[in-house]
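Report on the structure given below.
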Amino acid sequence: MSARLASRKPLEAASLAPKWELSSYAANWKGVVYMLELNLPPEIKPANPLDWRELGDITAEAFSDDPVNRWVFGNEEAIRSTFRLLARDVYLRHGLCHLVGNEAASMWCMHDASRETGPLGTLKLAWTLLTKGSKGALGRAMKAGSVMDQHHPKEPHLYLFTIGTRKAARGKGYGKMLMRAMLEGADRDGLPCYLENSNPDNTGFYQSHGFERMRLFEVGEGSPPLEAMWRDARPSQ
């Protein structure tokens, strides 16, 4: 049985301003079909499988000074290699990723989408962390993933894995643009959103978009805290 979201009539092309692109994303949760329709401004490009390196590199630069990622991986090379692999093997395959030029990027997925790298991807990630990460990076990463899964809400929602801009592009509104496009789509389809904030400097940004703290938790003994944040869908105006 489909939910109202799936039975809703699609937007007529004539009703959209020419500068906006309509993008759709479907997911199924226990027989309920969710259809996420996004009106993307021209600056935002849906990422394709060939964009994995660019997507990973932008994200890595955005998170290069992130307290939790620094604690887990130890250095920028390991952070970059990890985000490249996750972009290619997880979020470009099972999620919804966007780019603003070579300046900003985001990676999302539905709450029940596979976030596993698969056997080969897991081996590649393990080798990357053993050879490029600081001592103990592999163990910390495995523990962090397990703890994050334990805290991840089970009810239907959109999960924001990462959003960020290159350092030279900060303050230009690219992060707000990427966030707004997804949240407007989530609101139209009645989907709440969830994220883990790994940098307290970003709390205000997320709060300004309607996210509220659920809890703080550590991903390992002595780690900087992750802030689980939730945003309820807002009725369309």
Side-chain angles (χ1 to χ4, degrees), residues 3 5 25 27-30 32 34 36 38 59 62-73 79 82-83 86-87 90-91 94-98 104-117 139-165 175-237:
L5 307 177
Y25 177 68
N28 186 298
W29 169 246
K30 294 184 177 179
V32 179
Y34 293 88
L36 184 66
L38 304 176
T59 303
F63 283 78
S64 62
D65 297 321
D66 178 88
V68 174
N69 281 275
R70 276 287 185 178
W71 183 85
V72 171
F73 300 112
I79 292 173
T82 299
F83 279 126
L86 293 175
V90 178
Y91 289 93
H94 307 297
L96 195 59
C97 305
H98 293 109
S106 64
M107 292 187 263
W108 298 72
C109 68
M110 282 295 294
H111 71 288
D112 58 341
S114 172
R115 297 191 298 275
E116 300 297 326
T117 57
R140 291 192 297 273
M142 293 177 63
K143 175 66 174 179
S146 175
V147 173
M148 290 167 68
D149 285 344
Q150 292 171 20
H151 286 274
H152 205 110
K154 299 298 187 289
E155 57 265 44
H157 63 269
L158 274 174
Y159 171 52
L160 173 56
F161 175 55
T162 59
I163 186 170
T165 63
K176 293 179 181 178
M177 185 189 305
L178 286 166
M179 181 72 84
R180 185 168 58 248
M182 288 296 295
L183 295 184
E184 288 176 353
D187 286 344
R188 277 192 298 272
D189 287 348
L191 279 171
C193 298
Y194 172 75
L195 61 85
E196 298 112 350
N197 176 24
S198 52
N199 189 337
D201 290 345
N202 296 329
T203 297
F205 172 79
Y206 295 126
Q207 288 177 335
S208 72
H209 288 89
F211 286 89
E212 298 179 356
R213 176 184 292 180
M214 299 174 69
R215 68 184 72 87
L216 292 174
F217 63 92
E218 293 184 349
V219 296
E221 185 177 355
S223 78
L226 270 181
E227 182 181 20
M229 303 188 78
W230 183 266
R231 180 187 185 273
D232 286 321
R234 298 178 176 180
S236 300
Q237 299 297 322

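Along the sequence shown, the residues carry numbers beginning at 1. What you see is a predicted model; the values in this text were computed from it and never measured.
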*Might you point out which heavy atoms bring Gly190 and Ala233 nearest each other, and give the distance in Å?*
C-CB, 3.5 Å
_Ser146 (side chain) donor-acceptor with Lys143 (main chain) under 3.5 angstrom_ = no
*Of the options Asn199, Leu195, Thr203, Val68, which is the one that meets Glu227 in a side-chain contact (heavy atoms from CB on, under 4.5 Å)?*
Thr203
_For a quick test of reading the model, state the closest non-hydrogen atom pair linking Trp71 to Gly222 and the distance between them._
NE1-O, 3.7 Å
_Min side-chain heavy-atom separation Asn69-Phe83 under 4.5 Å_ = yes
_Using 0.5 Å steps for rounding, measure from the CH2 atom of Trp108 to the CZ atom of Phe161._
13.0 Å
*Rounded to the nearest 0.5 Å, what separation is found between the CZ atom of Arg115 and the CE atom of Met148?*
8.0 Å
*Give a yes or no answer on whether the side chain of Asp187 reaches the backbone of Arg234 with a donor-acceptor pair at less than 3.5 Å.*
yes
*Fit a plane to each ring of His157 and Tyr159, take the angle between them on a 0 to 90° scale, and name the class: parallel (under 30°), tilted (30 to 60°) or perpendicular (over 60°).*
perpendicular
*Please examine the side chains of Cys109 and His94, heavy atoms only from C-beta on, and report whether any two atoms are closer than 4.5 Å.*
no
_Ser223 side, atom OG; Phe217 side, atom CZ - distance, nearest 0.5 Å_ = 9.0 Å
_Distance in Å, Leu183 CG paired with Lys176 NZ, rounded so as to fall on 0.5 Å steps_ = 13.5 Å
*Over 12 non-hydrogen atoms of neighbours within 6.0 angstrom of CE in Met177*: yes
*Without swapping roles, check the side chain of Arg213 against the backbone of Ala228 for a donor-acceptor pair under 3.5 Å.*
no
*Could I get the full list of salt bridge (charged side-chain N to carboxylate O under 4.0 Å, His left out) partners for Arg140, not counting sequence neighbours?*
none
*Output the distance between atom OG (Ser208) and atom CE (Met179), rounded to the nearest 0.5 Å.*
7.5 Å
*Rounded to the nearest 0.5 Å, how far apart are CG of Leu160 and CD of Glu196?*
9.0 Å
*Which atoms form the tightest heavy-atom contact between Ser64 and Ile79, and what is the distance?*
O-CD1, 4.3 Å
_Nearest heavy-atom neighbours spanning Ala186 and Leu158_ = CB-CD1, 3.8 Å
*Any idea which heavy atoms bring Ile163 and Phe63 closest together, and the distance?*
O-CE1, 3.8 Å
*Could you give me the CA-CA distance, side-chain angles and deciding distance for Thr162 and Tyr91, then say whether side-chain contact (heavy atoms from CB on, under 4.5 Å) is met?*
CA-CA 10 Å; Thr162 59; Tyr91 289 93; over 6 Å; no
*Compare all side-chain heavy atoms of His151 with those of Met214 and state whether any distance is below 4.5 angstrom.*
no
*What closest approach, in Å, do Leu38 and Ala181 show between heavy atoms, and which atom pair accounts for it?*
CD2-O, 3.6 Å
_According to side chain to side chain donor-acceptor pair (under 3.5 Å), who are the partners of Asn202, at least two apart in sequence or on a separate chain?_
none
